[in-house]
Each structure stands twice: as structure tokens, then as C-alpha cells.
Amino acid sequence: MNVLEEYKRKLRTPEQAVQVIKSGDWIDYTTSLGQPILLDRALAARRDELTDVKIRGNLVFGPLEVAECDPSQEHFIYHSWHCSSYERSLCDRGLCYYIPMVFHLNSDYYKHFLTVNVAMACVTPMDRHGYFNLSTSTGVSGQILRKADIVILEVNENLPKLYGGYDECIHISDVDYVVEGHHDPFPDAPVPKITDIDRKIAENLLPYLVDGMTLQLGIGSLPHALGNLIAESDLKDLGMHTELCSDAYLQLHKAGKLTNRYKTINRGKSVLGVAVGSNELYDWIDENPSVAVYPLSYVNNPEVIGRIDNMVSINSCLEVDLYGQVSSESAGTRQISGTGGQLDFLTGASTSRGGKAFICMSSTFTDRNGMQQSRVVPRFGGDIITSPRSQVYYLATEYGVVNLIGKSTWERAEAIISLAHPTFRDQLIRAAQAQHIWRRSNKR
Ligand SMILES: CC(=O)SCCNC(=O)CCNC(=O)[C@H](O)C(C)(C)COP(=O)(O)OP(=O)(O)OC[C@H]1O[C@@H](n2cnc3c(N)ncnc32)[C@H](O)[C@@H]1OP(=O)(O)O
Ligand SMILES: CCCC(=O)O
């Protein structure tokens, strides 16, 4: 049978396709732009026929009809590997549960441990060879689709087609059903406003950065802003090897800096796993031979990252304690985001020849009551630790950069307090004294 005939034979309406889902099933929605909008709507419409259907997603921007239609969670229970701001708001409402993980092993979790009864994902239209491109969701999708008992694809003509790497496509012969329908154009992701504090942090980082380095910029407004500022610097011949491709890389490209010339693997290629940004970004990565998408089992593998000379990883966090522990994913018991690729890139970049792993933050934040709070705290109570103190290298704020490696507890306390906002330093020193990590010789 030729691929077009096979496509027609597998074509269903969304309502028909979701009939395969049974009570108790595990369903996967892949990630971000891969969110299956029409199938999600059709599944939610079956609410009263189904119970205990569990759904997994990852950095999904929503709205998710399955979560919104069932506050009781008798019918649908939604889970996320990494919370977007929408999924965070679902968690706040008790409608989403976080699943702890590290990304480079995520596909192994699927391969060895997890059940996927039905996987549903948005893909590009099928090509003449019978392949659908997994596009900006390639990072996480391949193994989910391989593990699924039933694969339903939703064709979204707005998705960019990305060259791989590997695992960027699925063939019609590996698909059970295909659905089509109208999709609105993707909204542009918000662009962070660059603040004076961002500029100061970028200034503090610049002496550590070299021409020819390869950059990983993490999720969130600070890494994005720092990427934009690096695009304005004199640095040149930069490389891209990142889990998440944001508009900061488009800025580096537009500034003529993203040549990938000195990459020691994937030379000449901007490597990514997932992309989220503007339509201009999607247009840039679409069918672009200088861009290569890979599964995160490759992109985030610390051994792979470590093979890239001068690999620089720039991620952000919510708070740091005086021991050097980093909390990036929860504020007390409130789930904010996830571990994501932070630990993978910390581990990988710190083993690269000339590599450096930075965790950056503003020294303070303004809480919901309008009060200025320190991001340097004496010690964590209920916050989840994202990066353990044994693996944290460079920490940066607008007050400087410190390297914690090889530093004892009292040296760390001193170094970390030097990054804190001056308003909070005395109270942090008193806390360090009470915690027995402060000596008479410590600098105030
Ligand atoms: C992507 C790659 O290539 S892999 C590596 C990157 N991945 C990671 O580093 C994972 C962990 N890091 C992250 O998830 C992000 O970088 C974050 C969460 C630390 C920062 O992301 P941003 O989007 O810039 O966070 P933002 O400042 O908007 O804050 C998010 C929420 O946390 C709240 N928040 C921020 N700081 C604090 C704090 N110290 N205490 C309490 N709440 C806080 C904010 O108010 C906001 O809540 P809201 O949505 O209700 O307003
Ligand atoms: C999918 C990107 C999330 C992260 O690693 O932070």
C-alpha cells in the first residue's frame, strides 16, 4: 500500500480517534507545541463515560480541556514533567501533579518502567515518504511514541519542520490514527524586559566567557535576557547546544555570532531538543540545515555535553542557601517548574574542557505582598533542592560571581553572602554563625 493510501485509511475525526481510550488508561501529550489541542478537546467531551484516565504532559501551555473540565479529578488526572506557568496555575488549583525526573534519563523511564496506553501528539503534515516531523517536541517524543500501545497523531500545519539529529520523525506505518483540523497560529512567547540587574549579571559573567564557546541557556526570563545581552557583546563564533531553544538564540544568530565553528561535536550545527518562542524563531529553525534537533537522551546526556570544549551553561534558580544548595523548582510546597535540564547541564558543562556551569539569580525578589526578599537564605525548610551543593559550581548575582568547588562550609557561607543584597548580609552572617559555618576570620 502506498503511504497516501495508508494515511487515508488511518484518518479519523478527533472524536472517532479518542474512542480507543478506556477508563484507567495512561495517556501522553508530549510537550509544549506538541500539545494535541483537538484530541484533548475530544477526550474532555468523553468525561462522563470515563474514570481514572491519567494524562502526562510537559511544559504544556494550555489550556488543557481534560484538566479544566474535571475539578473532581474523578475522570481525568493530569501530571507534568516540567510545569509551565499554566501548569503551575493548575498545580495551585490542585489540578496537576509534578513528576520528578532528570531529562537525560526521561526516555529510559518510558523504555523500562512506564505504561503508555495511548500517545497523542501534534506533528507536521506527512511528507511524500510517509514521515511526520516531531518538530519542536522531538526532545521528548520519540520514546513515548515507541512505547505507546496506540499512537494518534494530530497534524498541525503551523509547526516548523526540523532536521535531525535522529528520532525527529515517525513513519505512517508506526501510527494507528491521524487527525486533522484547524489550528490557530502559535502565540509569540513573551520576551523578557532587560533590567539593570540583568545587565549587571551579564557584565559579571562576561570575563568568564570566551570566543568559540558553546552556550546552553536555560528556561526563564534571566537566561533569556543574558542570552540577549551576550548577543550585544563582542563575543564571536558561538555554538548552540541546548535543551530549550528560545529567542535568545535567534538574537545570537541575527547578530552573526552563532557560527558553531568551534564545536568539538556537531560542528556547524545549532543543536536543540525543544523550542519555544516567537513565530520568527519557528521560521528560522524551519527546514534550516544549520539547525539539528535531537532527543534529550542525547542533548542532555552529561557525557555528550562534556565532550564539547568550552561548554557554558547558564541556568537560573529561585533561591540558594548558605550551604550552596540550589532550589529552582519549588517555593516551599508550591510547585513552580521542575528540575528540567539544570542538573544534566551542570554535570556535563563542568566536565567539559574549558567548560563552566553558572547558576544565576537576582539577589532579591519582590513577593506577592510587594516586600523585597533575599534569594540567599540561611537554609532550606520545605523547598525542593534542584541542584545539590556537591554539584554547584559558579553562582552569580548582580553582586558578583563565585565558584563553590573545593570550598568548605565556612568559605561557602562567605562567598554566597558576598552575592546577597547588602540589606540582608548582616542577618545572613548571624544565621551562618548560628549554623556553625562562620569563623572569626570570615570577611564581612
Ligand atoms: C532549558 C535547558 O536547556 S535545561 C536547564 C534549564 N532548566 C532549569 O534550570 C530548571 C529550573 N529553572 C526554572 O524552572 C526557571 O529557570 C525558574 C523557575 C528558576 C525561573 O523561571 P522564570 O520563568 O524566569 O520565573 P519567574 O521569575 O517568572 O517566577 C516563576 C514563579 O515563581 C515565583 N517565584 C520566583 N522566585 C520566587 C521565590 N524566591 N520564592 C517564591 N516564589 C518565587 C514567581 O512569583 C512566579 O510565580 P507566578 O507565576 O505565580 O507569578
Ligand atoms: C522543557 C524545558 C524545561 C527545562 O529543562 O527547564
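Note that the structure is a prediction, hence the values are computed from the model and not measured.
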Please give me the minimum heavy-atom distance between [X] and [Y], naming the atom from each residue.
X: S246; Y: L281; result: O-CD1, 3.7 Å
X: H241; Y: K263; result: CB-NZ, 4.2 Å
X: I197; Y: S362; result: CG2-CB, 3.8 Å
X: V326; Y: C317; result: CG1-CB, 3.5 Å
X: G239; Y: N260; result: CA-OD1, 3.1 Å
X: C360; Y: L226; result: SG-CD1, 4.0 Å

Have [X] and [Y] got a donor and an acceptor in their side chains that come within less than 3.5 Å?
X: S278; Y: D188; answer: no
X: N310; Y: Y262; answer: no
X: S135; Y: N133; answer: no
X: H104; Y: D344; answer: yes
X: N228; Y: Q251; answer: no
X: T195; Y: D198; answer: yes

In terms of heavy-atom contacts, does [atom1] of [X] have more than 12 from other residues, nucleotides or ligands at under 6.0 Å?
X: R389; atom1: CZ; result: no
X: Y131; atom1: OH; result: no
X: R379; atom1: CZ; result: no
X: R353; atom1: CZ; result: no
X: D196; atom1: CG; result: no

Side-chain donor/acceptor of [X] to backbone N/O of [Y], under 3.5 Å:
X: Y282; Y: G277; answer: yes
X: N279; Y: F186; answer: yes
X: Q342; Y: T339; answer: no
X: H171; Y: H129; answer: yes
X: S352; Y: M311; answer: yes
X: E411; Y: S408; answer: yes
X: R375; Y: L318; answer: yes
X: N117; Y: I21; answer: no
X: E243; Y: G340; answer: no

Does the side-chain contact (heavy atoms from CB on, under 4.5 Å) test come out yes or no for D40 and I55, once each step is laid out?
CA-CA 10 Å; D40 172 59; I55 298 118; over 6 Å; no
When you compare the side chain of [Y] with that of [X], does any pair of heavy atoms fall below 4.5 Å?
X: L64; Y: Y78; result: yes
X: L145; Y: D174; result: no
X: I150; Y: Y177; result: yes
X: V376; Y: M361; result: yes
X: L114; Y: D28; result: no
X: E329; Y: Q335; result: yes
X: W26; Y: H79; result: yes
X: Y163; Y: K269; result: no

Side chain to side chain contact (heavy atoms under 4.5 Å, CB included) against S313, all qualifying residues, sequence neighbours excluded
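Here the qualifying residues are Q216, N315, F345, A349, A357.
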List the steps, then state whether salt bridge (Lys or Arg N to Asp or Glu O under 4.0 Å) holds for D167 with R146.
CA-CA 10 Å; D167 238 1; R146 268 193 295 282; 2.8 Å; yes
Does the salt bridge (Lys or Arg N to Asp or Glu O under 4.0 Å) test come out yes or no for E303 and R307, once each step is laid out?
CA-CA 7 Å; E303 190 273 322; R307 280 197 271 141; 3.3 Å; yes
Roughly how far apart are T31 OG1 and L296 CG, rounded to 0.5 Å?
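The OG1 atom of T31 sits 8.5 Å away from the CG atom of L296.
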Hey, could you give me the CZ/CG distance between R412 and D321, rounded to the nearest 0.5 Å?
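The CG atom of D321 is 10.0 Å from CZ of R412, to the nearest 0.5 Å.
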Give every residue pair that meets the ring pair (Phe, Tyr, Trp, His ring centres under 6.0 Å) criterion with at least one member in residues 197-222, sequence neighbours excluded.
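Passing the test, one end in residues 197-222: Y208-F358, Y208-Y394.
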Students often mix this up, so state it plainly: with edges at 30° and 60°, are the rings of H421 and Y399 parallel, tilted or perpendicular?
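Perpendicular.
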Taking NZ, NE, NH1 and NH2 as the nitrogens, is one of them in E414 or K443 under 4.0 Å from a carboxylate oxygen of the other?
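Looking at E414 and K443, the cut-off is met.
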With the threshold set at 4.0 Å, does a side-chain nitrogen-carboxylate oxygen contact exist between K8 and E5?
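No, this pair does not count.
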Flag the pair Y166 / Y294 as yes when their ring centroid distance falls below 6.0 Å, and as no otherwise.
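Between Y166 and Y294, the centre distance is under 6.0 Å.
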N/O donor-acceptor pairs under 3.5 Å from side chains in residues 229-238, not counting sequence neighbours:
{"unit_1": "S233", "atom_1": "OG", "unit_2": "I230", "atom_2": "O", "d": "2.7"}
{"unit_1": "S233", "atom_1": "OG", "unit_2": "L235", "atom_2": "N", "d": "3.1"}
{"unit_1": "K236", "atom_1": "NZ", "unit_2": "D211", "atom_2": "OD2", "d": "3.0"}
{"unit_1": "D237", "atom_1": "OD1", "unit_2": "T259", "atom_2": "OG1", "d": "2.8"}
{"unit_1": "D237", "atom_1": "OD1", "unit_2": "R261", "atom_2": "NH1", "d": "3.0"}
{"unit_1": "D237", "atom_1": "OD2", "unit_2": "R261", "atom_2": "NH1", "d": "3.4"}

cation_pi(R56, W81) dist<6.0 Å, angle<=45
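Not satisfied by the 6.0 Å and 45° rule.
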With side-chain contact (heavy atoms from CB on, under 4.5 Å) as the test, would you mind laying out the steps for I384 and Y98 before giving the verdict?
CA-CA 12 Å; I384 302 296; Y98 174 68; over 6 Å; no
When you look at E157 and H183, which way does the side-chain contact (heavy atoms from CB on, under 4.5 Å) test go after all the steps?
CA-CA 8 Å; E157 51 295 335; H183 294 92; 3.9 Å; yes
Worked check of side-chain contact (heavy atoms from CB on, under 4.5 Å) between N58 and V274:
CA-CA 11 Å; N58 174 35; V274 175; 5.7 Å; no
